[in-house]
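Only a predicted model underlies this, so the values are computations on that prediction, with no experimental measurement involved. In the text below, chain A, chain B and the rest are named by the order of the sequence lines, each starting its count at 1.
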2 protein chains.
Amino acid sequence: MRIGELAGAAGVSVRALRYYEEQGLLAAQRTPRGQRVYPPAAVDRVQLIQQLYAAGLPSRTILELLPCVDAGVSTPESLARLAAERDRIDEQIAGLIATRDRLDRVIAIASDPTHPCMTS
Amino acid sequence: MRIGELAGAAGVSVRALRYYEEQGLLAAQRTPRGQRVYPPAAVDRVQLIQQLYAAGLPSRTILELLPCVDAGVSTPESLARLAAERDRIDEQIAGLIATRDRLDRVIAIASDPTHPCMTS
DNA sequence: CTAGAACCTGACGTTGACGTCAGAGGCAAG
DNA sequence: CTTGCCTCTGACGTCAACGTCAGGTTCTAG
């Protein structure tokens with residue numbers, strides 16, 4: 001598939017795909033005239049990249065962990081790195097749950113009809 | 001307390017505190033000579049701001065929700081906004097859990113001594 | 001064969017939450 | 001009184017993940 005199709009299928013921009021290639025995250029075959037060609041599996045890979053970005057990992061870290069996550073190739077170092085990132089995500093989850101619960105309590109109090117501070 | 005003390009107590013930089021004031025998130029009294037003075041409660045407020053930043057909220061949104069979360073002052077609009085952000089955080093948590101579980105599976109497979117792809 | 005869509009490289013623009021530097025003033029200690 | 005640390009304003013720097021534009025090439029439908 002070509003870059004526009006991949007972008008549509010994976011839900012990202014064409015520019016983002018070229019950026020991923022620039023960062024070494026996503027390789028592409030080329031036609032004799034220089035246009036990028038991707039295998040169908042690239043869709044999953046792009047979505048994985050997006051998922052890791054969403055978890056707050058920078059390109060460099062994703063680059064280090066992708067062979068590990070994607071192909072199952074692992075060294076002791078990459079495994080440790082993987083575990084460290086997992087723990088970081090865990091802390092992030094815990095923080096978000098605390099924030100959500102705090103917002104929930106605020107909502108509960110503010111939704112209480114007997115609440116004294118309604119502006120309306 | 002002065003700005004340096006608050007920064008130390010809340011675990012942020014002096015620059016960050018001035019930035020929060022610039023964004024309208026954190027008011028400060030001033031000495032006759034113009035130096036900022038904060039009440040002890042500012043520590044909690046700064047940590048709340050940090051928590052909301054960590055949840056991915058931009059300054060503008062925090063500004064809209066702070067009176068609500070901090071003082072319990074709520075309008076129907078801010079309440080809806082609050083609920084929307086709560087739901088966004090919920091989705092964010094779900095995504096992070098999926099990512100963490102994916103990493104967990106990779107770690108489990110790669111840690112398996114019978115795994116075929118260990119480089120070492 | 002030709003128009004228009006899709007693609008290419010290269011390069012500069014954007015945004016948010018600060019970092020950092022310059023230059024000047026304030027403040028307790030010795 | 002001066003040394004040294006803290007503070008002030010103002011302004012430019014940073015970094016990451018792209019957006020966007022320019023100027024040119026390639027592919028495809030009619």
Side-chain angles (χ1 to χ4, degrees), chain A residues 1-39 42-43 45-66 85 88-89 92 95-96 99, chain B residues 1-39 42-43 45-66 85 88-89 92 95-96 99:
Chain A
M1 60 196 325
R2 298 180 359 184
I3 196 170
E5 306 174 61
L6 177 56
V12 304
S13 70
V14 167
R15 177 67 174 96
L17 295 180
R18 289 201 269 251
Y19 176 73
Y20 297 164
E21 181 172 342
E22 197 179 311
Q23 301 300 306
L25 303 178
L26 182 65
Q29 303 294 335
R30 296 295 183 121
T31 68
R33 281 310 185 176
Q35 300 205 346
R36 293 173 180 84
V37 177
Y38 300 93
V43 178
R45 189 179 178 99
V46 170
Q47 286 172 347
L48 172 58
I49 293 172
Q50 286 282 109
Q51 195 175 13
L52 295 176
Y53 273 133
L57 307 192
S59 294
R60 264 175 35 85
T61 305
I62 297 180
L63 181 58
E64 292 172 16
L65 299 185
L66 258 187
E85 292 302 332
R88 222 186 39 76
I89 294 175
Q92 206 175 333
L96 285 178
T99 305
Chain B
M1 59 195 326
R2 299 186 347 186
I3 196 170
E5 304 173 63
L6 177 55
V12 304
S13 70
V14 167
R15 177 68 174 96
L17 296 179
R18 290 200 269 249
Y19 177 73
Y20 298 163
E21 182 172 341
E22 197 180 310
Q23 302 300 306
L25 303 177
L26 182 66
Q29 304 293 335
R30 296 294 184 120
T31 68
R33 280 310 185 177
Q35 301 206 342
R36 293 173 179 85
V37 178
Y38 300 94
V43 177
R45 189 179 178 99
V46 169
Q47 285 171 347
L48 171 59
I49 294 173
Q50 286 281 108
Q51 194 175 13
L52 295 177
Y53 273 133
L57 307 192
S59 294
R60 263 176 35 87
T61 305
I62 297 179
L63 181 57
E64 292 172 16
L65 298 184
L66 257 188
E85 292 301 333
R88 221 186 40 73
I89 293 175
Q92 205 175 333
L96 285 179
T99 305

Judged by nearest nucleotide, the residue sitting upstream toward the 5' end of DNA chain C, B:Arg33 or A:Val37, is A:Val37
Quick check: on DNA chain C, is the nucleotide nearest A:Arg2 upstream (toward 5') of the one nearest A:Arg36, or the reverse? Name the residue that is more 5'.
A:Arg2
If you count heavy atoms of other groups shown closer than 6.0 angstrom to CZ of A:Arg30, is the number above 12?
yes
Atom CD of B:Gln29 with >12 non-hydrogen neighbours under 6.0 angstrom
no
Looking only at heavy atoms, the pair that brings A:Ala10 and A:Val46 closest together is CB-CG1, 3.6 Å
For a quick check of understanding: with a heavy-atom distance under 4.0 Å over all strands, which category does [X] fall into, base, sugar-phosphate or nothing?
{"X": "A:Arg60", "value": "nothing"}
{"X": "B:Leu57", "value": "sugar-phosphate"}
{"X": "B:Thr31", "value": "nothing"}

Whole-Å distance between [N] [atom2] and [X] [atom1]?
{"X": "B:Gln50", "N": "C:dA17", "atom1": "CD", "atom2": "P", "value": "11 Å"}
{"X": "A:Arg18", "N": "C:dT9", "atom1": "CZ", "atom2": "P", "value": "7 Å"}
{"X": "B:Tyr20", "N": "C:dG16", "atom1": "OH", "atom2": "P", "value": "15 Å"}
{"X": "A:Glu21", "N": "C:dC7", "atom1": "CD", "atom2": "P", "value": "14 Å"}
{"X": "A:Gln35", "N": "C:dA6", "atom1": "CD", "atom2": "C1'", "value": "7 Å"}
{"X": "B:Ile49", "N": "C:dC18", "atom1": "CD1", "atom2": "C1'", "value": "14 Å"}
{"X": "B:Leu17", "N": "C:dT20", "atom1": "CG", "atom2": "P", "value": "16 Å"}
{"X": "B:Gln23", "N": "C:dA17", "atom1": "CD", "atom2": "C1'", "value": "8 Å"}

Phosphate OP1/OP2 of [N] contacted by [X] side-chain N/O (<4.0 Å):
{"X": "A:Arg30", "N": "C:dT9", "value": "yes"}
{"X": "A:Tyr53", "N": "D:dA16", "value": "no"}
{"X": "B:Ser59", "N": "C:dG16", "value": "no"}
{"X": "A:Tyr19", "N": "D:dA17", "value": "yes"}

Given C:dG25, C:dC18, C:dC8, identify the nucleotide with an atom nearest to the side chain of B:Ala16.
C:dC18
State plainly whether the residues B:Glu85 and B:Arg88 are in salt-bridge range, i.e. N to O under 4.0 Å.
yes
When rounded to the nearest 0.5 Å, the distance separating CZ of A:Arg45 from CG of A:Leu26 is 6.5 Å
Nearest-nucleotide 5' precedence on DNA chain D, B:Arg15 against A:Ser13
B:Arg15
